[in-house]
Amino acid sequence: MTRDLFELKGRVAIITGGGGLLGYHHASAIADFGGIPVLLDIDGRALLTNSERLRLEFDDDFLTLEVDVTDFDSVVKARDKVLERHHRIDILINNAARNPKLDDGDNASFSRLENFPADQWQKDLDVGLGGAFTCSRVFGGHMASVGRGGVIINIASDLGIIAPDQRLYEVAGQANAAQPVKPVTYSVVKHGILGLTKYLATYWCGQGIRCNALSPGGVYTGQDAVFVSKLANLIPLGRMAKKEEYRGAIAFLSSDASSYMNGANLIIDGGRSVW
Ligand SMILES: NC(=O)c1ccc[n+]([C@@H]2O[C@H](COP(=O)([O-])OP(=O)(O)OC[C@H]3O[C@@H](n4cnc5c(N)ncnc54)[C@H](O)[C@@H]3O)[C@@H](O)[C@H]2O)c1
């Protein structure tokens, strides 16, 4: 039956950035189909919040690990802990990223390319790209060595396909040269993650490991009404995404329902990138 293709019973899924907004929904989607989510995040409190939500939803205590994805040794330790508890790893979702700020509190023009601090560039790339590389190396490498196949999902963005429309971020009354912008690192990380996806899709294809990207559009979380209305005008469906609207894609990409999909990018952006 077609619905059996989505079965994830007993499959262990590592979710980086598992303490975040979408990390919770990815985990919940995996658990809904019988999979075992393992949440990794640098933020211990955020992990507690999401694991408590999952416990209430599934009456189960899923493993959470406080891990900095930029730290190779801490990722290796996490892999060993997962194997100690579950004895297998089947799915990796590279979801952790920094959401670079448009201003630094005092200085609205901090995000402009001319002013963008080099250390900020480095930190954003270290987490969004370096973290995905390190986790793929450690968890993907393990899946490849076991030879049972596996799945890697890289979370990109509509801004991995199109450039940010900087008019969305304009502040009324601000001089042009001081207007905040979506930082360059967001574009670079999200375009880069699509390159990593194609690389991994071919690198371990002989070991049965598939790698695909998911490119979500912006999720509504109570942003400023002017921003929301300007963004909605750029989206054919006329609205931002609801936070639950990527669950189906995660279930599809994680499972045998997508068994012939490899190296692709599933774009779920209300049509923004085709307009
Ligand atoms: N929310 C959106 O509108 C949206 C849209 C498109 C793409 N995305 C992408 O989806 C993914 C999840 O987004 P989200 O909205 O849930 O973000 P979020 O900020 O809620 O979650 C990201 C998580 O990553 C964690 N993290 C940051 N640095 C880390 C590190 N060094 N090691 C381990 N964990 C680290 C954070 O603590 C946080 O919990 C991101 O890749 C984001 O770019 C989000």
Side-chain angles (χ1 to χ4, degrees), residues 14-29 38-51 53 64-78 92-102 120 122-136 138-139 152-162 164 168-169 182-183 185-194 196-197 213-223 227-228 231-232 234-235 239-247 249-250 253 265-270 272-273:
I14 310 292
I15 302 165
T16 73
L21 174 77
L22 294 181
Y24 161 73
H25 290 282
H26 302 336
S28 176
V38 174
L39 277 55
L40 269 52
D41 206 290
I42 198 169
D43 183 340
R45 287 169 66 96
L47 280 175
L48 268 178
T49 305
N50 278 357
S51 67
R53 288 175 77 191
T64 62
L65 296 166
E66 210 171 310
V67 173
D68 178 352
V69 292
T70 68
D71 176 353
F72 178 77
D73 291 340
S74 104
V75 174
V76 169
K77 276 191 197 137
L92 165 65
I93 306 181
N94 282 315
N95 169 74
R98 284 160 59 94
N99 189 10
K101 298 270 172 289
L102 271 61
Q120 188 75 30
Q122 198 55 54
K123 282 184 198 156
D124 292 345
L125 266 65
D126 279 351
V127 176
L129 275 181
F133 154 67
T134 299
C135 289
S136 300
V138 173
F139 295 110
I152 300 176
I153 303 170
N154 290 329
I155 306 299
S157 165
D158 52 1
L159 296 186
I161 303 144
I162 56 173
L168 287 172
Y169 312 100
K182 187 77 173 176
T185 44
Y186 197 79
S187 285
V188 171
V189 165
K190 295 310 184 184
H191 279 76
I193 209 93
L194 295 178
L196 180 66
T197 301
L214 168 62
S215 285
V219 177
Y220 178 70
T221 51
Q223 291 93 335
F227 170 82
V228 173
L231 179 51
L234 299 176
I235 301 172
R239 62 173 177 83
M240 295 180 73
K242 298 175 197 157
K243 44 193 186 303
E244 305 80 15
E245 285 186 303
Y246 303 112
R247 285 171 171 246
I250 291 294
L253 291 172
N265 180 21
L266 184 52
I267 304 167
I268 302 193
D269 65 352
R272 179 177 177 194
S273 57

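For ligands, and for the atoms within them, numbers begin at 1 and follow the listed sequence.
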Residue pair [X] / [Y]: nearest heavy atoms and the distance that separates them:
{"X": "V189", "Y": "L129", "value": "O-CD2, 3.7 Å"}
{"X": "L47", "Y": "L65", "value": "CD1-O, 3.4 Å"}
{"X": "I155", "Y": "I250", "value": "CD1-CD1, 4.2 Å"}
{"X": "L196", "Y": "A132", "value": "CD2-CB, 3.7 Å"}

| query | Looking at V219, D269, V228, which one forms a side-chain contact (heavy atoms from CB on, under 4.5 Å) with M240? | reply | V228
Shortest protein contact, [atom] (heavy atom only):
{"atom": "atom 3 (O) of ligand 1", "result": "V219 N, 2.8 Å"}
{"atom": "atom 32 (N) of ligand 1", "result": "V69 N, 3.0 Å"}
{"atom": "atom 10 (O) of ligand 1", "result": "I155 CG2, 3.3 Å"}
{"atom": "atom 8 (N) of ligand 1", "result": "Y186 OH, 3.7 Å"}
{"atom": "atom 28 (N) of ligand 1", "result": "V127 CG1, 3.5 Å"}
{"atom": "atom 39 (O) of ligand 1", "result": "D41 OD2, 2.7 Å"}
{"atom": "atom 35 (C) of ligand 1", "result": "I42 CG2, 3.6 Å"}
{"atom": "atom 13 (O) of ligand 1", "result": "L22 CD1, 4.1 Å"}

| said: If we count only non-hydrogen protein atoms and require a distance under 4.0 Å, does atom 19 (O) of ligand 1 qualify as touching the protein? | reply: no
Output the list of atoms in ligand 1 that are nearer than 4.0 Å to some heavy atom of [X], sorted by atom number.
{"X": "G19", "value": "39 (O)"}
{"X": "G17", "value": "23 (C), 24 (O), 25 (C)"}
{"X": "G20", "value": "16 (O), 20 (O), 21 (O), 39 (O)"}
{"X": "D43", "value": "37 (O)"}
{"X": "D68", "value": "30 (C), 31 (N), 32 (N)"}
{"X": "A96", "value": "24 (O), 34 (N), 35 (C)"}
{"X": "K190", "value": "40 (C), 41 (O), 42 (C), 43 (O)"}

| query | N/O of L21 under 3.5 Å from N/O of ligand 1, yes or no? | reply | yes
| query | Is T70 in polar range of ligand 1, meaning some N or O pair under 3.5 Å apart? | reply | no
Report the member of [options] with the shortest heavy-atom distance to [atom].
{"atom": "atom 5 (C) of ligand 1", "options": "A156, A97, G217", "result": "G217"}
{"atom": "atom 33 (C) of ligand 1", "options": "T49, V67, T16", "result": "V67"}
{"atom": "atom 41 (O) of ligand 1", "options": "N95, I93, D269", "result": "N95"}

Please check if any side-chain donor atom of [X] sits under 3.5 Å from a side-chain acceptor atom of [Y], or the reverse.
{"X": "N265", "Y": "S215", "answer": "yes"}
{"X": "S273", "Y": "D158", "answer": "no"}
{"X": "D41", "Y": "T64", "answer": "no"}

For ligand 1, is [X] a contact, meaning one of its heavy atoms is under 4.0 Å away?
{"X": "K243", "value": "no"}
{"X": "N99", "value": "no"}
{"X": "A46", "value": "no"}
{"X": "Y24", "value": "no"}
{"X": "G218", "value": "yes"}

| Face-on cation placement of R53 at Y24 ring, 6.0 Å and 45° thresholds | yes
Sidechain-backbone polar pair: [X] side chain, [Y] backbone, donor-acceptor under 3.5 Å:
{"X": "S51", "Y": "L48", "answer": "yes"}
{"X": "Y246", "Y": "G217", "answer": "yes"}
{"X": "T16", "Y": "L40", "answer": "no"}

| said: Apply side-chain contact (heavy atoms from CB on, under 4.5 Å) to residues I268 and L266 and explain how you reach the verdict. | reply: CA-CA 6 Å; I268 302 193; L266 184 52; 4.2 Å; yes
| When you check the gap from the basic side-chain N to the acidic O, do K77 and E66 get nearer than 4.0 Å? | no
| note | With H25 as partner, the option from E244, R247, K242, K243 fulfilling side chain to side chain donor-acceptor pair (under 3.5 Å) is R247
